[in-house]
2 protein chains.
Amino acid sequence: MARTPRNTLNAELIVRTALRLMESKGTDAFSLRGVAAELGVGPMALYTYFRNKDELYDAVRDHLMSLLPGVPADVPWPDQVRSVCRSLRLLMLQHPCLAQLLSGRPLSGHETARVAEGLLGVLRSAGFGPEQAARTHTTLFTYVLGSTSWEIQMAAERRDPEAWRRLRATMESLSAREFPSVVELAPELARTTGGDEQFDYGLDLLLAGLRTPS
Amino acid sequence: MARTPRNTLNAELIVRTALRLMESKGTDAFSLRGVAAELGVGPMALYTYFRNKDELYDAVRDHLMSLLPGVPADVPWPDQVRSVCRSLRLLMLQHPCLAQLLSGRPLSGHETARVAEGLLGVLRSAGFGPEQAARTHTTLFTYVLGSTSWEIQMAAERRDPEAWRRLRATMESLSAREFPSVVELAPELARTTGGDEQFDYGLDLLLAGLRTPS
DNA sequence: ACCTGAACACCGTTCAAGT
DNA sequence: ACCTGAACACCGTTCAAGT
């Protein structure tokens with residue numbers, strides 16, 4: 001093995017490699033040693049650029065959030081809100097690890113600054129007061145986070161034939177006495193556990209609530 | 001060390017011990033070996049009751065979800081919906097690991113059956129059609145999941161003085177040119193990242209949307 | 001500064017064995 | 001069946017060292 005020459009590593013390269021491994025092997029299977037091996041260096045080489053694994057997680061999350069597109073101008077504010085929310089959802093769907101990085105880990109503080117700025121700017125321009133703008137932003141953001149996390153988990157289940165079979169079997173074995181509505185609405189539930197339509201349904205519900213006098 | 005006598009172990013005891021460790025040492029720090037040590041047995045003793053770590057995770061999650069209270073009768077349906085959603089949020093706040101167990105792991109299929117049954121029953125009785133009931137249920141559930149996950153993460157940040165200091169510093173260092181609205185509304189954002197009021201604000205937004213003609 | 005290599009204290013899990 | 005003990009293939013991270 002030729003010794004790795006100097007300065008072949010840098011933070012961005014490590015982040016890109018980490019991201020690639022997370023998306024191919026799953027967020028949990030990801031390891032520092034795996035990234036190092038992929039880069040052809042010893043595990044300790046990464047510690048020059050990140051103090052520990054958490055810092056690398058943070059860097060991956062920040063990098064992904066930086067990919068968020070801006071807010072479209074020249075459209076009514078509800079469409080601007082829709083655009084920001086849909087963009088965040090799409091980013092999470094394209095990078096499933098992002099959901100876990102956002103909801104299950106310590107926060108650095110600026111990872112949501114861009115989506116917050118987008119939503120708050122739109123809401124303030126639409127005439128919302130400071131408090132209501134802040135509350136509405138948090139509501140919208142957490143709705144996107146929850147619905148998309150759930151959607152991703154369900155999609156993962158669907159991809160694994162064994163897991164999907166088990167899940168269907170469990171649903172079908174539910175007692176019709178104990179869970180009459182779940183059993184009756186099983187087909188509808190299966191259709192509404194993800195997808196653009198379901199996401200927009202909830203989003204429109206929130207927007208409809210916003211337009212009623214408060 | 002006296003040898004552990006036979007039949008001292010059982011699935012429920014293991015689940016309770018695992019839950020206790022998860023809540024004291026954090027969901028991530030939790031380990032099979034830790035549970036075994038706490039119970040005074042070798043790591044392999046647990047494999048008699050659970051095929052692997054994932055099965056133990058599932059058992060803990062199912063146990064927690066079984067603690068959900070029922071739906072109150074004799075109140076208007078919007079209050080019934082509020083009750084189910086608030087109960088789920090409270091359960092997640094009391095057991096912070098539940099959020100991660102629900103959103104970041106494979107699903108067995110019946111963990112959400114009770115909350116689904118509660119919501120679907122209420123919505124169907126209120127006159128919603130099958131499709132709209134299913135869509136509304138998924139919207140409500142994922143809102144609770146997302147908002148409470150976020151709230152838990154923020155609360156964890158607040159408890160750790162070092163993390164909280166870093167987060168405040170990051171927020172204050174945000175450029176007022178790049179993020180004018182975030183900087184301007186920083187106090188409001190800090191106040192609306194959790195709490196009963198914030199949760200109810202989003203919940204009422206959804207309920208308000210539901211009452212407009214669809 | 002940038003990277004290596006050995007070492008430490010952990011993991012989950014398999015396997016063979018005991019009762 | 002219920003539990004043990006040794007072993008395997010992993011982890012993240014520290015430490016001392018090389019350039």
Side-chain angles (χ1 to χ4, degrees), chain A residues 1-22 24-61 97 100-101 104-106 108 160 162-163, chain B residues 1-22 24-61 97 100-101 104-106 108 160 162-163:
Chain A
M1 271 295 121
R3 175 148 355 145
T4 306
R6 298 298 177 99
N7 299 325
T8 47
L9 250 43
N10 60 70
E12 200 201 323
L13 178 64
I14 295 173
V15 167
R16 280 211 320 269
T17 307
L19 180 57
R20 188 153 40 83
L21 283 181
M22 276 177 159
S24 67
K25 309 206 305 170
T27 315
D28 295 340
F30 163 84
S31 72
L32 282 183
R33 289 176 113 105
V35 176
E38 184 79 9
L39 289 166
V41 298
M44 291 316 299
L46 308 182
Y47 282 74
T48 304
Y49 303 90
F50 301 97
R51 268 209 298 255
N52 51 40
K53 198 183 185 185
D54 275 334
E55 272 201 5
L56 179 51
Y57 275 135
D58 289 349
V60 171
R61 182 192 53 198
C97 58
Q100 281 179 260
L101 291 176
R105 297 210 45 267
S108 63
D160 181 355
E162 168 61 16
Chain B
M1 271 292 121
R3 175 150 351 146
T4 306
R6 297 297 176 97
N7 298 326
T8 47
L9 248 45
N10 60 69
E12 200 201 323
L13 178 63
I14 295 172
V15 167
R16 281 212 318 270
T17 308
L19 180 57
R20 188 154 40 84
L21 283 181
M22 276 177 159
S24 67
K25 306 205 308 170
T27 315
D28 294 339
F30 163 85
S31 73
L32 283 184
R33 290 177 113 105
V35 176
E38 185 79 9
L39 289 165
V41 298
M44 291 314 300
L46 307 182
Y47 282 75
T48 304
Y49 304 91
F50 301 96
R51 268 210 298 255
N52 50 40
K53 198 183 185 186
D54 275 334
E55 273 201 6
L56 180 51
Y57 276 135
D58 290 348
V60 171
R61 182 191 52 197
C97 57
Q100 280 180 259
L101 291 176
R105 298 211 41 267
S108 62
D160 180 356
E162 168 59 17

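Letters A, B, ... are given to chains in the order of the sequence lines, protein chains preceding strands, and every chain is numbered from 1.
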**Stem regions touching DNA chain C, defined by at least 3 consecutive Watson-Crick or wobble G-U pairs below 3.5 angstrom** = C:4-8 with D:12-16, C:12-16 with D:4-8
**Message:** Please confirm whether the shortest side-chain N or O distance from B:Tyr47 to OP1 or OP2 of C:dT13 is below 4.0 Å.
**Reply:** yes
Using a cut-off of under 3.5 Å, enumerate the N/O to N/O pairs linking the protein to nucleotides 9-11 of chain C.
unit_1, atom_1, unit_2, atom_2, d
C:dC11, OP1, B:Ser31, OG, 3.2

**Asked** Which nucleotide, C:dT13, C:dA6, C:dC2, lies nearest any side-chain atom of B:Pro43?
**Response** C:dT13
**Request:** Would you please name every residue forming a ring-ring contact (aromatic ring centres under 6.0 Å, His included) with A:Tyr57, sequence neighbours left out?
**Result:** A:Phe30
**Request:** Mind checking side-chain hydrogen bond (donor to acceptor under 3.5 Å, both in side chains) for A:Asp54 and listing every partner two or more places apart, or none if nothing turns up?
**Result:** A:Arg105
Enumerate, atom names and distances included, each donor-acceptor pair closer than 3.5 Å involving a side-chain atom of residues 12-22 of chain B, sequence neighbours excluded.
unit_1, atom_1, unit_2, atom_2, d
B:Glu12, OE2, B:Arg16, NH1, 3.1
B:Thr17, OG1, B:Leu13, O, 2.8
B:Arg20, NH1, B:Glu38, OE2, 3.2

**Request:** Let me know the distance between CG of A:Asn10 and P of C:dC3, rounded to the nearest Å.
**Result:** 9 Å
**Prompt:** What distance separates A:Glu55 CD from A:Ser108 OG, expressed to the nearest 0.5 Å?
**Reply:** 10.5 Å
**Message:** Using whole Å, what does the distance between atom P of nucleotide C:dT13 and atom CD of B:Glu55 come to?
**Reply:** 10 Å
**Asked** Within the pair B:Tyr49 and D:dA1, is there a side-chain N or O less than 4.0 Å away from OP1 or OP2?
**Response** no
**Asked** Between C:dC2 atom P and A:Phe50 atom CZ, what is the distance in whole Å?
**Response** 13 Å
**Request:** Let me know the distance between CG of B:Leu39 and P of D:dC2, rounded to the nearest Å.
**Result:** 15 Å
**Request:** Please state how far atom CG in B:Asp28 lies from atom P in C:dG12, giving the value in whole angstrom units.
**Result:** 12 Å
**Message:** Please enumerate all residues that pass salt bridge (charged side-chain N to carboxylate O under 4.0 Å, His left out) together with A:Asp28, with sequence neighbours excluded.
**Reply:** none
**Request:** Please name the residue in the list B:Val35, B:Leu32, B:Leu56 that meets the side chain to side chain contact (heavy atoms under 4.5 Å, CB included) test with B:Phe50.
**Result:** B:Leu56
**Message:** Show the nearest heavy-atom pair for residues B:Ala36 and B:Gly42, with the distance to one decimal.
**Reply:** CB-O, 3.6 Å
**Asked** Taking all non-hydrogen atoms of both residues, which atom of B:Gln100 and which atom of A:Gly104 are closest, and how far apart?
**Response** NE2-O, 4.1 Å
**Asked** Out of C:dC3, D:dC3, D:dT13, which nucleotide sits closest to the side chain of A:Met44?
**Response** D:dT13
**Complete:** Rounded to whole Å, the CD1-P distance (A:Ile14 to C:dC2) equals 11 Å
